[in-house]
2 protein chains.
Amino acid sequence: MDIIPNLSVDCVIFGFDSKNLNVLLVDRTLFDKNKNVVFSDFTLTGNHVLAGEDPDEAAVRILNDLTGLHDIYMEQFHTFGSTERLTREKDQTWINHLKLNIPQHVISVGYYSLIDANKVKIKSHNNRKVRWFPINLLPELAFDHELILRKALEMLRIKLRQEPIGFELLADKFTLTQVQRLYEAILGTKFDARNFRKKLAQMHYVVPLDEKQTSVRHKPAKLYLFSREVYERSRRDRFDFDI
Amino acid sequence: MDIIPNLSVDCVIFGFDSKNLNVLLVDRTLFDKNKNVVFSDFTLTGNHVLAGEDPDEAAVRILNDLTGLHDIYMEQFHTFGSTERLTREKDQTWINHLKLNIPQHVISVGYYSLIDANKVKIKSHNNRKVRWFPINLLPELAFDHELILRKALEMLRIKLRQEPIGFELLADKFTLTQVQRLYEAILGTKFDARNFRKKLAQMHYVVPLDEKQTSVRHKPAKLYLFSREVYERSRRDRFDFDI
DNA sequence: CCAAAAGTGTTTGCAATACACCCATGC
DNA sequence: GCATGGGTGTATTGCAAACACTTTTGG
């Protein structure tokens, strides 16, 4: 299949493990002929856009290639086109070593995706190790991937304050404390539990179930689910209202 | 100069004329051999990205080509990659008629720019008429340019609520009422003058001058200017403060 | 019975809203 | 002197923030 040579897609895959916000990264270790490590760092997952392929589809394809997951929340957040993106010495060494057929200048469309980290069980991809990293304990990153990741995080934070996308990072059924930990992890803040719950209580699309946690060694928490239908309805109502 | 064949940049040029928020559009009228009009609509201004050119630079180049202006506020807001972007019959007719060498599938990076409409005096560009249109009186648009424009406006509204970018649309010296009209035009709302001024008064980067309007047939308004220095400082202070 | 997290109300301060009249200028 | 927009203060309401103790379960 033909590719568009100067265009790629990079995916920032965010996952929440009920404690930290994590990013899924792929090991990039380069060995010389004697199997000594020349350098070792990590990359986001990305790929070319195919000829006649919408970059949105490419992003879905790339995410699915790596994780096997479908129907994942994805958001295009920025396009990176600096002419210096791939020109660092280390990056050129890597490209030459693998004989990758990459032009000097590739423009990359950035997407982030939100998944429940517990749903993903990947150990390696194309012989490269795959690992979660908490966003405040990142390893060294290849190319301009640190820039891409920081921008993704910035855009995620903005989006999170405007739309209830956080639930994409949780299991279908969740507790209110999990929601709070999630918001704290993404925004890097602490919230007061009572005030946070008061706010959630006003969001009618967070609907309580007749169900509680089991086998926890403390008072079991009520479970909730996120109703997209109720959310869309309440949003329309709001738009109808103000003029 | 070589181009990247599948990549282009489209610019949504917003201008404010102290009453409406406007977009600068370029006439696209197609004539047949007898000089009858086949169709007539408008386009945003866009162009290919050159080989080895950062799309950010391409956007600056395109804006400058059209308006002759430099140092204009520009913001990349979304990348459009649908495979159907250019496939409407009208658009294909246009492409064939002008013998434009455009592939079937072009991905376009969208930028919006903010300028004081009074600074721009363009009548035509490449033999095509150039006109301002108020955003709530748009003509029919070519390709997917309506989609692009709506997205630009949506992103502008979001940005405007977070950063004081509105001043880019005003002259260096402006009155508080002009600021209010601007915000009303962009956000499509009305504000109470007293409350609006109270809010502006808290923004120390809106600094009063010892100067008033002249030759207006009403009480002359005090003039203000936007200080980026003060804004950046106050922003840093705020970040230092919360943790 | 102890550890661990769930769950719950009230007070306080600040920010957003609503609202009406006088002022300075050009014609 | 009149039409036009400039400019100003106060009272009310709603929302965000601060804050401490009891409850339920498993081990």
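Not measured: the values here are computed from a predicted model. Each chain gets a letter, A, B and so on, in the order the sequences are listed, and its residues count up from 1.
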Return a table of donor-acceptor pairs under 3.5 angstrom between the side chains of residues 208-218 of chain A and protein atoms on other chains or two or more places apart.
from	atom 1	to	atom 2	distance (Å)
A:Glu211	OE1	A:Lys173	NZ	3.1
A:Glu211	OE2	A:Lys173	NZ	3.1
A:Gln213	OE1	A:Ala221	N	3.0

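In this structure, B:Arg150 places its CZ atom where only 12 or fewer heavy-atom neighbours from other residues, nucleotides or ligands lie under 6.0 Å away.
Between the CD atom of A:Gln213 and the P atom of C:dA5 there is a distance of 11 Å, given to the nearest Å. Rounded to an integer number of Å, the gap from A:Arg197 CZ to D:dA16 P is 18 Å. Atom pair A:Lys222:NZ and C:dT8:C1' shows a separation of 13 Å (rounding to whole Å applied).
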### Query
What one-letter contact string describes nucleotides 10-21 of chain C from 5' to 3', where B marks a base within less than 4.0 Å of any protein heavy atom, S marks contact via sugar-phosphate atoms alone, and - marks no contact?
B------BBBB-

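Applying the salt bridge (Lys or Arg N to Asp or Glu O under 4.0 Å) criterion to B:Asp116, with sequence neighbours excluded, gives no partner residue.
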Contact list (N/O, under 3.5 angstrom) for nucleotides 23-27 of chain D vs protein:
from	atom 1	to	atom 2	distance (Å)
D:dT24	O2	A:Lys219	N	2.7
D:dT25	O2	A:Arg217	O	3.4
D:dT25	O2	A:His218	N	3.4

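Contacts between residues 170-183 of chain B and DNA chain C, defined by a heavy-atom separation below 4.0 Å, involve no residue at all.
The two residues B:Gln76 and B:Asp56 have their closest heavy-atom pair at OE1-OD1, 4.1 Å.
Sorted by first and then second residue, the salt bridge (Lys or Arg N to Asp or Glu O under 4.0 Å) pairs with a member in residues 62-76 of chain A read A:Glu75-A:Lys159; sequence neighbours excluded.
With A:Pro134 as the partner, the side chain to side chain contact (heavy atoms under 4.5 Å, CB included) test is satisfied by one option alone out of A:Asn22, A:Asp17, A:Val23: A:Asn22.
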